Chemist: 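This is the structure I have questions about; it appears just below.
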Amino acid sequence: MKVKAGQLKALVSEITSSFKGFLIYGTDVGAIDEAATRIQKMLSDKKPLAVTELTVERLRETPTLFWDEVGALSMFGDRHLIRMKNPTDTFAKELETYLSSDTGDVFVLITADNLNTKSALVKLCDEAKRIGALGCYPQEENDIRATISSILSENGFVIEPEALVYLAQNLGADKGITLSEVNKLMLYMGDEKQVTLADAEAVIGNGSAVSIDDLMMHVLSGQASLVQRDFELLQQEGIAAAQMTRAFVLKLNQLLLVLSKMKKGEPADTAIRGTPPFIPFKYSSLWKRIVLSWPESYTMDALNIMLTAEKETKSGLPADLICNRALTGLTAAGKKFLASRR
């Protein structure tokens with residue numbers, strides 16, 4: 001039975017009671033994975049599942065393995081789910097026999113990014129009555145907009161039209177990537193529910209919701225809520241705790257150099273301009289406030305804290321916990337120092 005993505009919810013009853021299987025295929029790997037997860041959840045919501053993963057390699061090694069698994073009903077009466085990935089058209093004959101046989105409480109869930117509409121497996125599943133066939137291909141821009149809008153709405157967010165257009169044009173057609181980026185956007189927004197174009201550009205514009213620069217500036221200025229957000233987003237981006245601690249060591253060394261120059265009589269602006277690395281324009285005013293607020297003695301202490309943290313993150317201890325603990329201490333100090341100058 002040929003199925004469209006929007007029909008899955010309406011077909012829950014048939015999928016969980018009368019269907020013997022489902023084929024999900026196409027070139028959008030993210031959408032294939034999402035649909036397979038939804039169907040497996042539908043099945044597990046109705047009855048406990050005993051799940052078996054089958055691969056083409058295992059079937060080649062043991063040609064009878066599929067039928068062995070079909071016959072291996074759970075001794076506890078659970079539904080038996082057989083998940084197959086990327087079978088070839090040679091499996092079509094076995095699947096046809098399976099669909100016409102009394103096989104008990106078994107469901108075969110097939111995912112394939114190696115098949116197209118001309119495949120024998122796809123044609124079989126399109127025409128058969130007790131199995132679904134869903135093709136997953138890159139979305140058009142209007143579909144991408146609908147997906148983004150739906151996810152945000154379900155989570156209580158409202159998005160401005162300009163921001164929605166920007167996201168649809170910049171996220172690409174892979175649904176998996178779209179879902180990942182929208183989740184990043186929602187984390188970035190925090191408690192703010194109105195998504196603006198500026199928010200969308202901040203998260204998607206350079207492929208990263210935050211940079212280590214953001215984290216460092218928010219720590220040294222004591223903005224605790226932003227620090228936790230930045231830290232989580234950087235973790236999602238795959239930035240290791242050791243990278244973060246090393247960046248702080250370099251930044252605190254830079255701060256000490258600026259403070260040393262000021263101690264010798266240089267004006268703050270001159271000392272800042274003459275001490276690389278370059279400070280992003282959006283943080284130039286904040287960096288000056290940090291320079292004028294942090295005492296040299298505590299900056300030395302902070303540097304030692306981060307040097308110790310950097311060493312510990314490479315020692316096999318829980319690196320994220322070590323880094324987060326060090327950042328929490330520096331954030332509290334930053335809040336205290338900047339508050340004292342108001």
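Values below: every heavy atom of this structure, side chains too, minus hydrogens, waters and symmetry copies. Keep in mind that this is a model prediction, so the values were computed, not measured.
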Chemist: Please name the pair of heavy atoms, one in L330 and one in I305, separated by the smallest distance, quoted to 0.1 Å.
Modeler: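 Looking at all heavy atoms of both residues, the shortest contact is CD1-CG2, 4.1 Å.
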Chemist: Has W287 got a side-chain atom pairing as donor or acceptor with I279's backbone, closer than 3.5 angstrom?
Modeler: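 No; judged by distance alone, with no hydrogens or angles, the pair does not exist.
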Chemist: Mind jotting down which residue pairs meet the ring-ring contact (aromatic ring centres under 6.0 Å, His included) criterion with at least one end in residues 53-72? Sequence neighbours excluded, please.
Modeler: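 Checked against ring-ring contact (aromatic ring centres under 6.0 Å, His included) - neighbours excluded - the pairs reaching residues 53-72 are F66-F91, F66-Y98.
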Chemist: Would a 4.5 Å heavy-atom cut-off, applied to side chains only, mark E296 and L256 as touching?
Modeler: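 In short, these two side chains touch, coming nearer than 4.5 Å.
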Chemist: Take M217 and I290 through the side chain to side chain contact (heavy atoms under 4.5 Å, CB included) test and state the conclusion after the steps.
Modeler: CA-CA 8 Å; M217 292 298 176; I290 292 168; 4.0 Å; yes
Chemist: Looking at N304 and D301, would you say the former's side chain and the latter's main chain have a donor-acceptor pair under 3.5 Å?
Modeler: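 Such a contact is absent between N304 side chain and D301 backbone.
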Chemist: Starting from L197, can I reach I144 by hopping between I/L/V/M/F/W/Y residues whose side chains sit under 4.5 Å apart?
Modeler: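 Yes, I144 connects to L197 through the hydrophobic network.
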Chemist: Look up atom CE in M306 and atom OG1 in T313, then write down how far apart they are to the nearest 0.5 Å.
Modeler: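 M306 CE to T313 OG1: 8.5 Å, rounded to 0.5 Å.
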Chemist: Would you find a donor on one side and an acceptor on the other, under 3.5 Å apart, between the side chain of S260 and the backbone of L257?
Modeler: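 No; judged by distance alone, with no hydrogens or angles, the pair does not exist.
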Chemist: Considering all heavy atoms of both residues, which atom of G329 and which atom of Y298 are nearest to each other, and what is their separation?
Modeler: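 Result for this residue pair: O-OH, 4.4 Å.
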Chemist: Under the 3.5 angstrom rule, does the side chain of T62 hit a backbone N or O of L59 as a donor-acceptor pair?
Modeler: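 Looks like no, no N/O pair under 3.5 Å.
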Chemist: Let me see the working for L252 and L220 under side chain to side chain contact (heavy atoms under 4.5 Å, CB included), right down to the final yes or no.
Modeler: CA-CA 9 Å; L252 289 166; L220 297 177; 4.1 Å; yes
Chemist: Are E310 and K314 close enough that some pair of their side-chain heavy atoms sits under 4.5 Å apart?
Modeler: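 Yes, close enough: below the 4.5 Å cut-off.
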Chemist: To the nearest 0.5 Å, what is the distance between OG1 on T308 and CD1 on I322?
Modeler: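 Interatomic distance, T308 OG1 to I322 CD1, rounded to 0.5 Å: 10.5 Å.
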Chemist: Report yes or no: do S101 and T103 form a side-chain donor-acceptor pair below 3.5 Å?
Modeler: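 Checked: S101/T103 side chains show no N/O donor-acceptor pair below 3.5 Å.
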Chemist: Does this structure show an ion pair linking D269 with R273, if we count only N-O contacts that are shorter than 4.0 Å?
Modeler: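 No, this pair does not count.
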Chemist: Would you give the length of the straight line joining atom CD of E94 to atom CG of L121, rounded to the nearest 0.5 angstrom?
Modeler: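 So the CD of E94 and the CG of L121 are separated by 10.5 Å.
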Chemist: Would you kindly confirm whether L226 and L233 end up in one hydrophobic cluster when ILVMFWY residues are joined by side chain heavy atoms under 4.5 Å apart?
Modeler: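 Per the 4.5 Å side-chain linkage, L226 and L233 are not co-clustered.
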Chemist: Using a 4.5 Å cut-off on heavy atoms from C-beta on, say whether the side chain of V3 contacts that of E14.
Modeler: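 SC-SC contact between E14 and V3 ruled out.
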Chemist: Using the rule that Ile, Leu, Val, Met, Phe, Trp and Tyr join whenever any side-chain heavy atoms are under 4.5 Å apart, tell me whether L54 and L109 fall into a single cluster.
Modeler: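 Per the 4.5 Å side-chain linkage, L54 and L109 are not co-clustered.
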Chemist: What's the verdict on side chain to side chain contact (heavy atoms under 4.5 Å, CB included) for L23 and L124, showing C-alpha distance, side-chain angles and the deciding distance?
Modeler: CA-CA 10 Å; L23 168 66; L124 169 64; over 6 Å; no
Chemist: Does the R289 side chain pair with the main chain of S221, one donor and one acceptor, at a distance under 3.5 Å?
Modeler: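 It does not hold such a pair.
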Chemist: Scan side-chain atoms only and decide if S100 and E96 contain a donor-acceptor pair under the 3.5 Å cut-off.
Modeler: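 Side chains of S100 and E96: no pair found under 3.5 Å.
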Chemist: Determine yes or no for a side-chain-to-main-chain donor-acceptor pair under 3.5 angstrom, with K184 supplying the side chain and Q236 the backbone.
Modeler: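 No: the side chain of K184 does not pair with the backbone of Q236.
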Chemist: At what distance, to the nearest 0.5 angstrom, does CD1 of I272 lie from CD of Q254?
Modeler: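 Reported to 0.5 Å precision, the distance equals 9.0 Å.
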Chemist: Just wondering, do M186 and L152 contact through their side chains at under 4.5 Å, heavy atoms?
Modeler: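 The answer is yes, as the side chains (C-beta and beyond) meet within the 4.5 Å cut-off.
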Chemist: Can you check whether R83 reaches T111 side chain to side chain, under 4.5 Å on heavy atoms?
Modeler: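 Contact flag for R83/T111 side chains = yes.
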Chemist: Is the closest side-chain donor-acceptor distance between Q228 and N324 under 3.5 Å?
Modeler: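 Distance-only check passes for Q228 and N324.
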Chemist: Under a 3.5 Å distance rule, please check whether T37 uses its side chain to pair with a backbone N or O of D33 as donor and acceptor.
Modeler: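 Side chain of T37 to backbone of D33: a pair is present.
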Chemist: Could you name each residue pair satisfying side-chain hydrogen bond (donor to acceptor under 3.5 Å, both in side chains) that touches residues 114-136, not counting sequence neighbours?
Modeler: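 Every pair satisfying side-chain hydrogen bond (donor to acceptor under 3.5 Å, both in side chains) with a residue in residues 114-136: D89-S119.
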Chemist: Please confirm whether the backbone N or O of T147 pairs with a side-chain atom of S150, one donor and one acceptor, at under 3.5 Å?
Modeler: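 Not a single qualifying donor-acceptor pair exists.
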Chemist: Is L303 close to V249 at the side-chain level, that is, under 4.5 Å between some pair of heavy atoms?
Modeler: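 Heavy-atom side-chain distance check passes, below 4.5 Å.
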Chemist: Under 3.5 Å, side chain of N86 to main-chain N/O of D113, donor-acceptor pair present?
Modeler: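 Checking the backbone N and O of D113 against the side chain of N86, a donor-acceptor pair under 3.5 Å is found.
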Chemist: Got a sec, which pairs hit ring-ring contact (aromatic ring centres under 6.0 Å, His included) with one end in residues 229-272, sequence neighbours left out?
Modeler: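 Qualifying pairs: none.
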Chemist: Please check if the side chain of R325 supplies one atom and the backbone of A309 the other of a donor-acceptor pair under 3.5 Å.
Modeler: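 Not confirmed, R325 side chain does not pair with A309 backbone.
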Chemist: Search all heavy atoms of A271 against all heavy atoms of M262 and return the closest pair with its distance.
Modeler: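 Scanning both residues completely, I find the closest heavy atoms to be CB-CG, 3.9 Å.
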Chemist: Please determine whether residues M84 and I39 belong to a single hydrophobic cluster, defined as Ile, Leu, Val, Met, Phe, Trp and Tyr linked transitively by side-chain heavy-atom distances below 4.5 Å.
Modeler: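 The answer is no; the residues belong to distinct hydrophobic clusters.
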Chemist: For the residue pair L185 and L167, what are the closest heavy atoms and their distance?
Modeler: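 Of all heavy-atom pairs spanning L185 and L167, the closest is CD2-CD1, 3.8 Å.
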Chemist: Can you see which heavy atom on A242 is nearest to which on T245, and at what distance?
Modeler: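 Taking every non-hydrogen atom into account, O-OG1, 2.9 Å.
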Chemist: Would you check if M42 and L8 make a side-chain contact, meaning some heavy-atom pair closer than 4.5 Å?
Modeler: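 They are in side-chain contact.
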Chemist: Could you walk me through whether M1 and Q7 pass the side chain to side chain contact (heavy atoms under 4.5 Å, CB included) check?
Modeler: CA-CA 12 Å; M1 175 181 175; Q7 296 176 308; 5.8 Å; no
Chemist: Quick check for you: to the nearest 0.5 Å, what is the distance between Q40 atom CD and F107 atom CZ?
Modeler: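 Spacing of CD (Q40) from CZ (F107) equals 10.0 Å.
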Chemist: Tell me whether the count of non-hydrogen atoms from other residues, nucleotides or ligands lying under 6.0 Å of NZ in K261 goes above 12.
Modeler: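 Check passes, neighbour count above 12.
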Chemist: Should L255 and L292 be regarded as members of a common hydrophobic cluster, given that ILVMFWY residues are connected when their side-chain heavy atoms come within less than 4.5 Å of each other, either directly or indirectly?
Modeler: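 Same hydrophobic cluster.
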Chemist: Indicate the atoms forming the closest heavy-atom contact of M244 with C323, along with that distance.
Modeler: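 Minimum heavy-atom contact is CB-SG, 4.0 Å.
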Chemist: Hey, could you give me the CG/CE distance between L327 and M216, rounded to the nearest 0.5 Å?
Modeler: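 Taking CG in L327 and CE in M216, the distance rounds to 11.0 Å.
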Chemist: Flag the pair L250 / R246 as yes when at least one side-chain heavy-atom distance between them is below 4.5 Å, and no otherwise.
Modeler: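 The answer is yes; the side chains approach within 4.5 Å.
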Chemist: Quick check: are there more than 12 heavy atoms from other residues, nucleotides or ligands sitting under 6.0 Å from NZ of K93?
Modeler: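 No, the 6.0 Å shell around NZ holds no more than 12 heavy atoms from other groups.
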